[in-house]
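Beneath this line is the structure, given in structure tokens, with notes to follow.
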Number of protein chains: 2
Amino acid sequence: MNKEDIINIMSDKYAHLNDECKLEFSNYSQILTLKKGEVLVKEGQISDKAYFIVDGSTRAYYLKDGKDITDWFAFENDFICAINSFFQNIPSPHYIEVLEETTLLVISKDDIMKLSDKYHDYERLTNRVATKTMLKLQARIVSMQFQTAEQKYQNILLAYPNITQRVSLTHLASYIGITLETLSRIRKLKTRI
Amino acid sequence: MNKEDIINIMSDKYAHLNDECKLEFSNYSQILTLKKGEVLVKEGQISDKAYFIVDGSTRAYYLKDGKDITDWFAFENDFICAINSFFQNIPSPHYIEVLEETTLLVISKDDIMKLSDKYHDYERLTNRVATKTMLKLQARIVSMQFQTAEQKYQNILLAYPNITQRVSLTHLASYIGITLETLSRIRKLKTRI
DNA sequence: CGAAAATTTGATCGAAGTCAATCATTGTGG
DNA sequence: CCACAATGATTGACTTCGATCAAATTTTCG
């Protein structure tokens, strides 16, 4: 896929961009293809890049006391960045890695800021991305606070019906805030009933 | 305080607004003063209003199986709205109430959208509000996922050192996702040591 | 094919929840 | 301005869900 097509998808999904804005965005961004397991961001690094997933999947995770905890998945037509580092210019607590062969569009924060200052359309697009992310985080807090391990699992299946085919149960369990063992037991019960 | 002063504070805190934009915002917004316990939004209501707290405090909460769970506090110079209802035009799962005598600036979603479409400055301001909220939610997820009840309490004290003087322990406990009894026990230990 | 990674299964434990009974503080009407 | 009801906070006894630790089994892939 070429950059213009990708930017059109983005424009359709988030907010309309005028032609001049699209063109300039195209000039500022690069297409990147990575193999499974390759790393976009490492812990401790200050990352000023945002990634739009054209095809494939990625996850952000931390190592908390040696344990690998997935904090975010991003699939086709999603954005991902090292959220704390990107917005607060601090060392990233997250790693970001690619879960399969993945094609991305990369743009730097500087360029996003230039585009946002110059084009109202682009400011609107980043606003929509932030707002959608905000709503998703809000829903996740409700899920974490009120749901049992089993409800959390059912809930993620509703949002992403085929997620178990795309990510390992280890990553999925840590994402919904339960242990791998508990997830395994929940799944066992479900197939029985 | 008059509207112009309030809008200047908002412009300073979030993103600069030009004079024309400030003036128009002033025309679209209303000052409202409420007494302790008065309600801004009720569960089930579709709320299209955003509130900027000039002075006082508010909280958003749900009734989950009869239990009152605080989901958000807003103090001076914070925004608050019924986040799900406002952005997705659905019945609000939240109530929003005023915790003490509180002065607010109210603006409707329609007017926010008009201002955002017309003024790049205003779009930028709403973008900043969404981004800040997103980062706060993200931090809260990390806190909920990794911290013990005691760490959650220490954590909220770091962010809001005098929060226990402004909100009841009942509300605080539910906000950090622990029971009132557990919070009480944590506080007892701390004063002893 | 065989090693490494992922998942399942089992046994045990503990942090925090629940339920229940005071105790303390606050605010209002007589 | 006090009484006392209502609300908020503390304390205790007990329970539970899901974590942890450990081992076995299955899957993946070089």
Side-chain angles (χ1 to χ4, degrees), chain A residues 35-39 57 59 61-70 73 95 97-101 143-157 163-193, chain B residues 35-39 57 59 61 63-70 73 95 97-101 143-157 162-193:
Chain A
K35 287 201 207 69
K36 178 172 178 172
E38 287 193 275
V39 170
S57 53
R59 71 176 184 119
Y61 65 101
Y62 348 60
L63 294 182
K64 183 79 181 179
D65 307 325
K67 277 172 292 182
D68 174 319
I69 313 276
T70 297
F73 292 112
Y95 294 80
E97 69 165 13
V98 151
L99 295 172
E100 57 194 308
E101 169 135 354
S143 167
M144 289 177 65
Q145 197 158 25
F146 298 125
Q147 300 190 315
T148 61
E150 180 166 352
Q151 290 171 329
K152 287 175 195 171
Y153 176 60
Q154 294 305 326
N155 199 50
I156 191 84
L157 284 186
I163 194 164
T164 55
Q165 279 98 65
R166 297 200 69 179
V167 309
S168 75
L169 296 181
T170 307
H171 296 158
L172 182 59
S174 67
Y175 178 69
I176 61 177
I178 66 178
T179 59
L180 174 62
E181 293 92 329
T182 298
L183 179 57
S184 180
R185 284 172 187 124
I186 286 164
R187 283 164 55 84
K188 189 184 171 186
L189 289 173
K190 273 292 133 183
T191 51
R192 285 252 191 81
I193 297 163
Chain B
K35 288 202 205 69
K36 178 172 178 172
E38 288 194 277
V39 169
S57 53
R59 70 176 185 119
Y61 65 101
L63 294 182
K64 184 80 182 177
D65 308 325
K67 277 173 292 179
D68 174 320
I69 313 275
T70 298
F73 291 112
Y95 294 81
E97 69 166 14
V98 151
L99 296 172
E100 58 192 309
E101 169 137 350
S143 167
M144 289 178 65
Q145 198 159 24
F146 298 125
Q147 299 190 314
T148 62
E150 178 165 354
Q151 288 171 330
K152 288 175 195 170
Y153 176 61
Q154 295 304 326
N155 199 49
I156 191 84
L157 285 185
N162 58 353
I163 194 164
T164 53
Q165 278 98 64
R166 296 201 68 180
V167 309
S168 75
L169 296 183
T170 306
H171 296 159
L172 183 59
S174 67
Y175 178 70
I176 61 177
I178 66 177
T179 59
L180 174 62
E181 293 91 330
T182 299
L183 179 57
S184 180
R185 285 173 186 124
I186 287 164
R187 284 163 55 83
K188 191 184 171 188
L189 288 174
K190 271 292 134 184
T191 50
R192 286 252 190 83
I193 296 162

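Everything numeric in this text was worked out from a predicted model, so none of it was measured. Each chain gets a letter, A, B and so on, in the order its sequence line appears, and its residues count up from 1.
One interatomic measurement links the two molecules: CZ of B/R187 to P of D/dT11, which rounds to 11 Å at whole-angstrom precision. D/dT10 atom P lies 11 Å from atom CZ of B/R185, rounded to whole Å. For B/I186 and D/dT10, the CD1 to P distance is 11 Å, given to the nearest whole Å. Put simply, CG on A/D65 is 12 Å from P on D/dC21, counting in whole angstrom units. Regarding A/Y153, its OH atom lies at a distance of 15 Å from the P atom of D/dG18, rounded to whole Å. Rounded to a whole Å, the CG atom of B/L180 is 8 Å from the C1' atom of D/dT10. With rounding to whole Å, A/M144 atom CE is found 15 Å from D/dA19 atom C1'. Atom pair A/I69:CD1 and D/dA19:C1' shows a separation of 12 Å (rounding to whole Å applied).
Salt bridge absent: A/E100 and A/K35 never bring a charged side-chain N and a carboxylate O closer than 4.0 Å.
Of all nucleotides in DNA chain C, those with any atom nearer than 4.0 Å to a heavy atom of chain B start and finish, going 5' to 3', at C/dA16 to C/dA20.
Residue side chain A/E181 reaches the base of D/dC21 through a donor-acceptor N/O pair under 3.5 Å, judged by distance alone.
Note on A/T182: every side-chain N or O is 4.0 Å or more away from OP1 and OP2 of D/dG18. Residue A/K152 places no side-chain N or O under 4.0 Å from the OP1 or OP2 atom of D/dG18.
Here the closest heavy-atom approach between residue A/L99 and residue A/K36 is recorded as O-CG, 3.5 Å. Across B/S57 and B/R166, no two heavy atoms sit closer than the pair CB-NH2, 3.9 Å. Contact record, A/L157 with A/I163: CD2-CG2, 4.3 Å, taken as the closest heavy-atom pair. Annotation for B/I176 and B/K152: closest pair O-CD, 3.2 Å, computed over non-hydrogen atoms.
Closest to the A/K67 side chain, of the nucleotides D/dC29, D/dT20, D/dA9, is D/dT20.
With hydrogens and angles left out, the side-chain atoms of B/Y175 and B/R59 include no donor and acceptor closer than 3.5 Å.
At the heavy-atom level, B/G177 lies under 4.0 Å from the strands shown only through sugar-phosphate atoms. Residue A/T179 is in base contact, counting any heavy-atom pair closer than 4.0 Å across all strands shown.
Two residues, B/K36 and B/Q147, neighbour DNA chain C, and the one matched to the more 5' nucleotide by heavy-atom proximity is B/Q147.
Aromatic ring orientation, B/Y61 versus B/Y95: parallel (interplanar angle below 30°, classes split at 30° and 60°).
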